[in-house]
Amino acid sequence: MSAYEPVDGIDISWCPGCGNFPIRKSIISMLVSLGSDAQPRVVFITGIGQAAKMPHFLHVNFFNGLHGRALAVAAAVKMANPSLVVIAEGGDGDMYGEGGNHYIHTIRRNIDITHIVHNNMIYGLTKGQASPTSQSGMITRVQPHGVISRPFNPLAVALSLGATFVARTFSGDMPLTESVLKEAVNHRGYALVDVLHPCVSFNKINTSSWFKEHTYSLTGHDTSDRNGAWRLAMEEERLALGIYYREEGVPVFSDHLACYQSDRTPLFERRPDEEKLKALIRSFV
Amino acid sequence: MSAYEPVDGIDISWCPGCGNFPIRKSIISMLVSLGSDAQPRVVFITGIGQAAKMPHFLHVNFFNGLHGRALAVAAAVKMANPSLVVIAEGGDGDMYGEGGNHYIHTIRRNIDITHIVHNNMIYGLTKGQASPTSQSGMITRVQPHGVISRPFNPLAVALSLGATFVARTFSGDMPLTESVLKEAVNHRGYALVDVLHPCVSFNKINTSSWFKEHTYSLTGHDTSDRNGAWRLAMEEERLALGIYYREEGVPVFSDHLACYQSDRTPLFERRPDEEKLKALIRSFV
Amino acid sequence: MNRPYDFSRNEDISIIISGAAGQGIKTAESLITAIIKRHGLYCFSCREYMSRVRGGLNSTQVRVSADPVAAWRDGIDILIPLTPDLSRLDHRISDTTLIIGDPSLFTEGRTGIAFSFDEAAGGDGRLYNTAASGLILALLHIDFSLLSESLNERFANKSEKIRERNLTAARAGYEQGGALLRDGTVTIALEPSPAPRSRMIVSGTEAVGLGALAGGCSFISSYPMSPGTGVFEFLSRQADAFPLVSEQAEDEIAALNMALGAWYAGARGMVSTSGGGFALMGEALSLAGVTETPAVIHIAQRPGPATGMATRTEQGDLNLALHAGHGDVARVIFAPGNPDQAFRLTARAFSLADEYQIPVIILTDQYLVDARHTIPPWEDPLAGYASHIVETGDGYQRYRYTESGISPRGIPGFGRGLVRVDSHEHDENGRISEDWRTREKMVQKRMKRLEQLAASAIMPSSHGNPEAATVVVSWGSTLGTALEALGKSGAEQIHYLHFSQVYPLNPALRPLLQRADRLVVAENNHTGQFADLLAVTFGRRADERLLQVNGFPFSVEYLTSRFTRYRRPV
Amino acid sequence: MNRPYDFSRNEDISIIISGAAGQGIKTAESLITAIIKRHGLYCFSCREYMSRVRGGLNSTQVRVSADPVAAWRDGIDILIPLTPDLSRLDHRISDTTLIIGDPSLFTEGRTGIAFSFDEAAGGDGRLYNTAASGLILALLHIDFSLLSESLNERFANKSEKIRERNLTAARAGYEQGGALLRDGTVTIALEPSPAPRSRMIVSGTEAVGLGALAGGCSFISSYPMSPGTGVFEFLSRQADAFPLVSEQAEDEIAALNMALGAWYAGARGMVSTSGGGFALMGEALSLAGVTETPAVIHIAQRPGPATGMATRTEQGDLNLALHAGHGDVARVIFAPGNPDQAFRLTARAFSLADEYQIPVIILTDQYLVDARHTIPPWEDPLAGYASHIVETGDGYQRYRYTESGISPRGIPGFGRGLVRVDSHEHDENGRISEDWRTREKMVQKRMKRLEQLAASAIMPSSHGNPEAATVVVSWGSTLGTALEALGKSGAEQIHYLHFSQVYPLNPALRPLLQRADRLVVAENNHTGQFADLLAVTFGRRADERLLQVNGFPFSVEYLTSRFTRYRRPV
Ligand SMILES: Cc1ncc(C[n+]2csc(CCOP(=O)(O)OP(=O)(O)O)c2C)c(N)n1
Ligand SMILES: Cc1ncc(C[n+]2csc(CCOP(=O)(O)OP(=O)(O)O)c2C)c(N)n1
Ligand code: SF4
Ligand code: SF4
Ligand SMILES: [Mg+2]
Ligand SMILES: [Mg+2]
């Protein structure tokens, strides 16, 4: 058992057969690849939902906050201490619904975090209402006449906002998920990994076999072609799996922050500068 | 003076020389094109900001609500009474910043409203902080070391989410603005018109002449080509003006609503059905 | 033969079915309560469950009686554990509790009757609940035909095979139950009567939903949040039969802003949420205040702060409901005590909101929304319905000064006038104003209606002895439990007041409180929020606060033991 | 010759400069107050302005005195209207007001001295303010060299031409002012002294910002909202000199969630907003509560509801600050009375937040943040600084039960332990818990610290006669005005208490309030929110509430006239 798995017997509260289990395994494998030395620096920031419970089932630092708000917290954690490995994780409702505004603006910041979204196209924890990625026409308890809105397209939006790492995987394809997650966590900059997965309890349309039939793995795709990536993201018949787009070497948020220009020490190790403060006060005399 | 202009002397509180004045004229011309018969059915829903004060300077129905929330109100107004002509209007901070989540989800609804965003790339009313569309590096009172985030790309996002009418104009080009607004208000479905305009008081970079130098009018562009439109929207050097994309005939939100399937009467003219209610209550016995 | 379990002198039987999420406890609850009622007995049921979709340990209580029963009991007479796990129930099991299930549970002095759900269900885990239902109904002397009919109805759309398997499991349970009665192991003697048969079984959720329809609700926008989601789901299902738009908002902020937009356009909008969702609606509530736009807000409370306990109960959001929003906002807060009040007050919420142009909040909680009561059906549900929208003429002024502070409310598209609604301080025309005299007048105008609202506020219902030295006060979902405890502790020494309207409070209340030698306030929160409200309104501080914050409602046992102490003079 | 205006017996001169937004009134204010202080007089200044960038009618008050002065006066001694429009000032002009400006204003019994700003400014509208500054400083007998030095400093980076034109306009104004003194039209006799020269001139905004730095603030995330934006701008400007991250959030919800993230990672985060922005932060405040994460929240109040009056003042958000968030959240609320308190309390807010792991709210208002006071500089600003973060070891438990309820706070990346922070009800390890006993213990744990916080709460400052039958209470920005009114109305009959900490309240207060024969609470809101808090906390209801909601602060005149009535026995 790896350092990233809880030692005490943890009762994982997901439904048997849920796609969250293989995602968890893939995440552990990603974490193991960071080495156990990294452990004290690895921080999960999550919202609320089935997906967002993930860090409770790992052996990691975590801040399990509010539904929809993980990205705001994650961004600040990274700003306050750029040496942390920050992973924001949650469901499609969490991240693209309640958290939609943070989604679009966190991408704009190009903050160096890994963003894992469990996309089961449904609200799981609240028992089966439409999520932003639910397909039009889907019948749910709140949409008994079918979902009206068009599904949210997280990848196309991320590409539109200049994201430098945009990927999609499927929980059932663990080797792909693992490898994409590892690339994402090593990417310097905001990295989106949208992980499709079945919700066996509530999503009776997008089942495991539906995903198998409606996805394909990217091969020979030029990951430096943003427009090509966008066209892929806009495909509706079948969803491509893999890395859609990546761009290395773009400065990240903390590269621009004045307080880190000459000194990379995290904020918690610093004290206010007494002399400067006194001088500032004196400037009001 | 048209029916859409206030009869009493209104003190327009914008700064002299502001781009909001020509936008107002273009809007009046758009309204006039609807005919004065339409007036009681025309409703402006706005947020807070300089742009959002617009309906106070017109002779129209309005709901001038909260900063960032106009789209949510507008969507509901249209749902409650599809026979109204609903125009949501506000600034770039209002609509893309505080209101970002409503922006992305209102587009998904394809609700039949016209969305006019005054994009001056700055927060005007609060005296000059960065807006989501401010250019990177811009110095402001809150960003004394320059804006870090990449600018928000409203058009590319709208296109990514399947918007059926996406346009951009410039306040200084009134003929274009008028014609685009008229097309937008006649479009059946969600229509975005992002109107670039100078803020003479706070945006010293994106001035009127900057806009003239950095924009060009679209000619010969195929407005049915979503991908082409997206590529245009992603251009950074110069901003194209005109209609980027349009698609007619896509069902709008209210087409799907059960309560309007056999009866288009607005909700305010309907009464709960007593017999059905009694039957429903009896079903619990 | 097993030890005899004699429940023949019980006024009611408290049956608990427990098991993991996904084992269909809720289905069993709705199945058997409907049948018990058809048989001619009253029942009350309520669930307590974990925030997960599968696994864990949940339970439902079904109290059955020949008389109306409407409260949560800690005590368990018959416990039916579908999984052999009593960890979350241990403190409620006593030596009179009959456990029917896996014999491995009969330890630590616990006794019971061995029963294999697996066997009865033919090895099919999905049928344990049906077998349990058969067992319970047999013990209650209910004819099997009632059960088989119900099952056939429920599974009408399913395959023959599914129907059959359910019937078989039900019969297996039923037969074992019957055997226990016949051999005298268990004795139960509840006399059925015709009265319950013409009653409804209704949950708090359904009552709020039906009340909304009776109030003319034509618009609901919400964001799912337990335990408020049920009302949203209920109304969404009615969107074809009634003129009703239901829309899942992208977040709670949008939800309330949408509801305001709907009212502005002449519809009657509502939102349903819980405390955490409502915490995001404060600014929009404030908007309703300044724009004088009506709104109906259902808050089904759960324990906070933040995510807290998503599926548990508490009355901890009263202060938030009272003070949410910045600036002064007139509002009304109802807190129904049971499904009947929930129906009436929700309907009334729409009338009041419309008439006074204010937000009206309905404060329930998980306990109330999930509990199911046996109550008479509502006759003439639209009796209170009226609309106050006016047709506008030229020169219409949305905020015209009037005696009452309430200006006639027009809507766009109905009449020749323009309807200008504004979130800034504004003049009578709805134009932004920075004139300080206008400001003062407008604040007065908006707040003046509170006087009228207070003067006509619903008085608390009064029980026990109106002369008693001890006055016990409670509000909202605590009603049934407090009433039962009152009966059990001897009502002579207590004057009990139940508040179903918690704000504003009627000034006529003052003498009622003032005359108390001992004022006790019982509520499901940590600080005594309603006790505080009484103190600030009437200057009378509670002498004692009965508080509880463990995620459960008050039990009849707890309140009875407390009330019993008030037999002693103050 | 004009009518003689003799101000020689005035203790202070109240000068008002009025004009349209964009005419540089604020610049004139900061220019002349700095010079007046350098000259050796005290001053107090404050603006009132419309919510627009250009046009409209704004004004700034500069009170000048040989003694410290710290309050808003309605009365105007000298009025300098840069535009001939007095519409918004008419009620403040009396027959002793000297108007210097366009003679068209000398109607309706008003008199004054004709002065053409346009002429003095050489026809350049941007220089009216400089000309007015020259005029005012001349009337105050201040040497022109102080003005020319200041102008040269201010325009050091501008072209020679700009500097010259400013100096010319200043001189033109100065000479006319001097002439009025020389020919005896105006008499002013304020004696300068050295004391003011070593003082600072600081606004509430600057004081909060400096206090934040003294409290070790290393992170600010906010969304612009008047009048809270100033602090955000102030701290953003310090982000290179101090270890400080400043980020404009996409909305207020993000702002507070970011601040919590920053504290979680070991920084000291703050947000600055107004009531409407704070109304969106309730859920995040609740998150701070359940996760025991510190936070510092500055709310600069303005009149609500909703957009209300964006640039005006009110004390209407106390109730919201007290009750925001769902569930029980321990918090502290400071309400500084002036910039000096604003500095000290903001610094203290960071220490308290860190030590007690709670959100601390600083409640100011437009009046306080915009007002500029002449006060001694703060020595030893970091004296109160301490950090309570611990290095974690293996098996670290974020929520370990302790006597005080406060667990040692670790942060990720400092020590070998893991820091698990959770928004659900949780156990000592930060794991989700649905155990009801854990729930009860955790609620106790989180709320217990309120006792300690109350016991150590800052007592109100006490003024006037501690034996007086009338006790007058006020809080926050009303301090200076109340003190001046107290002095003017005769302090013998009043015991005045000013609260700079409004929550929790120190239990030691009870006798102070109880002994009052007449308890008067003065506050800038509609209902008397602090009076309510006193009633609910101590059971002592105010006998009289002095309230005002017109967008202006209390004036010295108003409070003086009210206080004067308390000379009569109760
Ligand atoms: C402010 C707020 N609104 C609503 C909720 C209720 N809620 C909890 S989880 C959830 C949605 C879960 O869906 P998703 O994010 O897709 O996660 P999943 O369970 O499907 O993994 C909602 C609406 C909440 N906790 N907080
Ligand atoms: C909830 C809330 N947050 C902040 C504000 C303050 N505010 C008013 S207008 C505005 C931004 C204005 O910028 P923009 O929307 O671009 O409009 P402009 O003035 O540039 O036309 C802000 C932040 C507010 N009114 N409400
Ligand atoms: S509800 Fe769906 S997503 Fe949640 S654990 Fe169960 S199967 Fe997985
Ligand atoms: S501040 Fe800018 S946007 Fe606002 S009115 Fe003035 S010039 Fe126009
Ligand atoms: Mg989901
Ligand atoms: Mg703008």
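Quick note: numbers below take in every heavy atom, side chains included, and nothing from hydrogens, waters or symmetry partners. In what follows, chains carry the letters A, B, and so on, assigned in the order in which the sequence lines appear, proteins first and then strands, with residues in each chain numbered from 1.
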Is it the backbone or the side chain of [X] that comes under 4.5 Å from a heavy atom of chain B, or both, or neither?
X        : result
C/Ala255 : neither
C/Phe242 : both
C/Leu244 : backbone

For this session: Compare all side-chain heavy atoms of B/Phe268 with those of C/Ile411 and state whether any distance is below 4.5 angstrom.
Result: yes
Exercise. Do B/Leu267 and C/Pro243 have side-chain heavy atoms sitting under 4.5 Å apart?
Worked result: yes
Quick one: what part of [X] sits under 4.5 Å from any heavy atom of chain C, side chain, backbone, both or neither?
X        : value
B/Ile104 : neither
B/Val77  : both
B/Leu257 : side chain
B/Pro55  : backbone
B/Leu71  : neither
B/Phe44  : neither

N/O donor-acceptor pairs between chain B and chain C, cut-off 3.5 Å:
from, atom 1, to, atom 2, distance (Å)
B/Pro40, O, C/Gly413, N, 3.1
B/His56, O, C/Arg431, NH1, 2.5
B/His56, NE2, C/Asp422, OD1, 3.4
B/Asn61, OD1, C/Val419, N, 2.6
B/Phe62, N, C/Tyr264, OH, 3.4
B/Phe62, N, C/Val419, O, 3.0
B/Phe62, O, C/Tyr264, OH, 3.2
B/Phe62, O, C/Val421, N, 2.8
B/Asn64, N, C/Val421, O, 2.8
B/Asn64, O, C/Ser423, N, 2.8
B/Asn64, O, C/Ser423, OG, 3.3
B/Gly65, O, C/Ser423, OG, 2.8
B/Asn101, ND2, C/Asp251, OD2, 3.0
B/His102, ND1, C/Glu250, OE2, 3.0
B/Arg109, NE, C/Glu247, OE2, 2.5
B/Arg109, NH1, C/Glu250, OE1, 3.2
B/Arg109, NH2, C/Glu247, OE2, 3.3
B/Arg109, NH2, C/Gln248, O, 3.4
B/Arg109, NH2, C/Glu250, OE1, 2.6
B/Lys276, NZ, C/Ala241, O, 3.2
B/Phe284, O, C/Ile201, N, 3.1

Problem set entry | C/Ala239 versus B/Ala258, closest heavy-atom pair with distance | O-CB, 3.4 Å
Exercise. Nearest heavy-atom pair of C/Gly415 and B/Pro40: which atoms, and what distance?
Worked result: O-CB, 3.9 Å
Exercise. Which of the residues B/Val73, B/Leu280, B/Leu66 is involved in the greatest number of heavy-atom pairs with chain C at under 4.5 angstrom?
Worked result: B/Leu66
For this session: Starting from the C-alpha separation in whole Å, work towards a yes-or-no answer on side chain to side chain contact (heavy atoms under 4.5 Å, CB included) for C/Leu210 and B/Phe284.
Result: CA-CA 11 Å; C/Leu210 291 164; B/Phe284 286 86; 3.8 Å; yes
Exercise. With C/Pro412, which of B/Leu84, B/Val85, B/Val60, B/Val86 fulfils side chain to side chain contact (heavy atoms under 4.5 Å, CB included)?
Worked result: B/Leu84
Exercise. If you tally heavy-atom pairs under 4.5 Å against chain B, which of C/Pro381, C/Gly216, C/Gly215 wins?
Worked result: C/Pro381
Problem set entry | chain B interface, residue from C/Gly410, C/Ala259, C/Ala241 that has the most non-hydrogen pairs under 4.5 Å | C/Ala241
Exercise. Can you check side chain to side chain contact (heavy atoms under 4.5 Å, CB included) on C/Leu287 and B/Phe63, steps first, answer last?
Worked result: CA-CA 11 Å; C/Leu287 177 64; B/Phe63 185 106; 4.0 Å; yes
